[in-house]
Amino acid sequence: MCGIVGYVGNDDAREIIIEGLKKLEYRGYDSAGIALYKDGKIQVRKSAGRIANLEKLIETEDLHSTVGIGHTRWATHGAPSDVNAHPHSDMANTLAVVHNGIIENYLELKEWLAKEHGVVFRSETDTEVIAHLISVYYEDDLKEAVFKAVDKMRGAYAIGVVSAKEPDKIVAVRKDAPLIAGIGEGCNFIASDIPALLKYVRRIYLIENNETVVVTRDDITIYNADRQPVTRDVFHVTWDADAAEKDGYEHFMLKEIHEQPKGLFETLNRRLDDRGNIRLDGIHLTKEEIQQFTKIYIVACGTAYHAGLVGKFAIEKLAKIPVEVDVASEFRYRDPFVDDKTLFIAISQSGETLDTLAALREAKSKGARVLSVVNVVGSSVARESDDVFYTWAGPEIAVASTKAYTTQLMCMYLIGLYMGYTKGTITEEYYRHFIDELRMIPDKLKEVLKQEDSIHEMAKGLYRREQVFFIGRGVDCGVAYEGSLKLKEISYINSFAIAAGELKHGTIALIEQDTLVISLATQDRLFEKMLSNIQEIKARGATVIGLSKEGNKEIEGQANQVIYIPECMDEITPLLSVVPLQLLAYYIARLRGCDIDKPKNLAKSVTVE
Ligand code: M6R
């Protein structure tokens, strides 16, 4: 969470930093601030609320500067107020710090700084501690002072520091929170993520964990954990700048929903060879290795976890290896049984989710092979994995994940198919049929998207509800969880998903006259069972929206309204069935006047525990 941007060059730092921050607003948006070097001083301006508030605050001021840092915040320590917004300064206002992450020992440091150095704190943040700590060690070399301060700090962080005593540089540090340095002509940058710099540079350095980077107009020097300068390959960003723009859509979420056919096409076709076989180039999964795995863990958070639930069905069915799916924040603390015969699959759009990263490290330390499914190239999860299967969703900006989810599903199917075929647990015929079915998905998804207007109409009848249930069986259950999460996170409706067969064990007590239940019934094998579940809730007065495959007309006699997806293999219906649920959540949230791309209390990339 939180976004950092820094610039040293010859142009207007204020404009460049504000532009960059706007591209990082998805990382946090409860307050924002900027520190600029001007007239021999570090000028700090900050404001609660969105970046627009900060812009307004400084619009009439002459703050022309060529060096500065900025921040957009997702509050952890202290309410989102003007005073708690970053940057934070030392007592003499000589330096300013922006920070993404958490300083775990900040209370201890605070006490020490107050007692030993008479520091008087202005904010409730952990970040302010960093500014005072650097100041304590600061003689005439900012980098050295930062090294010493960092030695005292525990936690996960990326920080950027500027000082009036050395106004030609930014010193930045990365520890378990993302940081990149952008290479310009006569100017250089730091940022939390690539979109902030897309307008200015395409060549970047990916800063590694425990590294410090000193950025001046003409130079970027990276220091490793031993404080020695290191060389780094330049990473060339291939994204189109438009990929991070709304492109005429009202919200990023809607644009990203519509980008799914393309994302799925790319994710699939980049893994198929000329003969239509799956090729996992760069991923080391030989027949012997696959045969050796006795267990697979799929570990992730939120939507990525929901992709893992479907992944379990796919891999167990195709490769006949037991799969356990866990949320990362639980996995890492439950002392899971992992050994060198375990394959650990981490799924993450951002590749920076701290819980997922920590779970990955836990599994790796116990000897597991780590394969990650990641969207952001070069992210921490990708770098720390043995092998990476990239999703080709393109940049996902909306906080609510959509195209990342469907491309993650595609990866799950491809991994399962590849393992099953290599191991010989599926026939050649089934393998080819499955791939043919996957190839048809992008076009079928375009058909689903044509229902947008009718789903919008449906939303008009539903948006005032305050409670919704989602039910399903088999893979539909995993999609029910995802549909429910999508609805609650952007519309703030209290929604709840449950396996349809589990309803009668307690939750059915909540079903009463007119309770809305969205019932997924795409599985031929389970269709009749789902019709029985629908009857049970209808008997208690529920209003039911059914979701099924074209041709399953019987559901019309049971449900009040029905959404259809095109005919496809039962195994892969999630690739289609989630999309009407994404659209429904989107239109319900829009009718409720919600801030769809930036829902309250959330951030896109969760880099704190
Ligand atoms: O970047 P990741 O895929 O690791 O993020 C995991 C979750 O934080 C994320 O999926 C979150 O649940 C989304 N807001 C869901 O829309």
Side-chain angles (χ1 to χ4, degrees), residues 1 3 24 26-29 74 156 176-178 192-195 251-254 256-257 260 263 298-311 325-332 345-360 372-385 388-391 393-409 411-412 478-479 481-492 495 497 578-579 581-586 589 594-609:
M1 351 282 258
L24 295 185
Y26 69 86
R27 301 182 62 85
Y29 34 82
W74 186 85
D176 292 334
S192 300
D193 199 0
I194 294 169
H251 296 98
F252 277 112
M253 182 179 177
L254 190 59
E256 289 161 7
I257 289 173
Q260 291 178 106
I298 303 180
V299 177
C301 305
T303 287
Y305 166 74
H306 296 154
L309 294 176
V310 176
V325 194
D326 210 346
V327 287
S329 54
E330 288 299 314
F331 178 87
R332 58 183 295 202
I345 304 181
I347 309 179
S348 177
Q349 186 285 129
S350 62
E352 300 294 346
T353 302
L354 189 69
D355 285 323
T356 307
L357 198 54
L360 179 160
S372 62
V373 173
V374 176
N375 195 40
V376 178
V377 176
S379 56
S380 302
V381 170
R383 281 185 283 163
E384 296 196 27
S385 301
V388 188
F389 193 141
Y390 281 111
T391 47
E396 192 181 66
I397 309 291
V399 165
S401 185
T402 53
K403 59 179 182 170
Y405 173 76
T406 42
T407 53
Q408 285 160 357
L409 294 182
C411 295
M412 291 290 109
V479 179
Y481 285 127
E482 176 56 11
S484 169
L485 176 64
K486 223 73 314 166
L487 183 65
K488 78 176 81 158
E489 73 177 323
I490 61 168
S491 74
Y492 318 137
S495 80
V578 74
V579 178
L581 304 183
Q582 294 168 345
L583 285 168
L584 197 60
Y586 172 80
C594 299
D595 191 347
I596 292 177
D597 284 338
K598 300 187 186 91
K600 70 175 184 217
N601 303 339
L602 295 178
K604 179 77 181 158
S605 186
V606 185
T607 52
V608 293
E609 258 198 73

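Atoms within each ligand, like the ligands themselves, are counted from 1 in listed order.
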When you measure from [atom] to every protein heavy atom, which one gives the shortest distance, and what is it?
atom: atom 6 (C) of ligand 1; answer: Cys301 O, 3.3 Å
atom: atom 8 (O) of ligand 1; answer: Val606 CG2, 4.0 Å
atom: atom 3 (O) of ligand 1; answer: Gln349 N, 2.7 Å
atom: atom 13 (C) of ligand 1; answer: Val399 O, 3.7 Å
atom: atom 5 (O) of ligand 1; answer: Thr353 OG1, 3.5 Å

Within ligand 1, which atoms have a heavy atom of [X] less than 4.0 Å away?
X: Ser401; value: 15 (C), 16 (O)
X: Ala304; value: 3 (O), 10 (O)
X: Thr303; value: 10 (O), 12 (O), 15 (C), 16 (O)
X: Ala400; value: 16 (O)

May I ask you to check whether [X] has an N/O atom sitting below 3.5 Å from an N/O atom of ligand 1?
X: Gly351; answer: no
X: Ser350; answer: yes
X: Gln408; answer: no

(message) Looking at every non-hydrogen atom in both residues, tell me the closest pair between Gly483 and Leu581 and how far apart they are.
(response)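 Heavy-atom minimum between the residues: CA-CD1, 3.9 Å.
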(request) Quick one: list whatever passes ring pair (Phe, Tyr, Trp, His ring centres under 6.0 Å) with Phe331, sequence neighbours left out. (result)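 For Phe331 the ring pair (Phe, Tyr, Trp, His ring centres under 6.0 Å) partners, ignoring immediate neighbours, are Tyr297, Phe344.
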(message) Consider side-chain hydrogen bond (donor to acceptor under 3.5 Å, both in side chains). Of Lys486, Glu489, Gln349, which one does Thr303 pass it with?
(response)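 Filter result, single survivor: Lys486.
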(message) Salt bridge check, Arg332 against Asp355: does any charged N sit closer than 4.0 Å to a carboxylate O?
(response) yes
(request) Record the part of Glu489 in heavy-atom contact with ligand 1 below 4.0 Å; permitted values are side chain, backbone, both and neither. (result)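 Within the 4.0 Å criterion, Glu489 contacts ligand 1 through side-chain atoms alone.
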(request) Heavy-atom distances under 4.0 Å are what count here, so tell me which part of Lys486 touches ligand 1: side chain, backbone, both or neither. (result) side chain
Side-chain contact test, heavy atoms from C-beta onward, threshold under 4.5 Å: evaluate it for [X] versus [Y] and give yes or no.
X: Leu354; Y: Asp176; value: yes
X: Val376; Y: Glu352; value: no
X: Met412; Y: Val310; value: no

(message) Tell me every residue that passes salt bridge (charged side-chain N to carboxylate O under 4.0 Å, His left out) with Lys598, counting only those two or more places apart in sequence or in another chain.
(response)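 Testing Lys598 for salt bridge (charged side-chain N to carboxylate O under 4.0 Å, His left out), a comparison that skips the adjacent residues, returns Glu25.
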(request) Classify the ring geometry between Tyr586 and His251 as parallel (under 30°), tilted (30 to 60°) or perpendicular (over 60°). (result) perpendicular
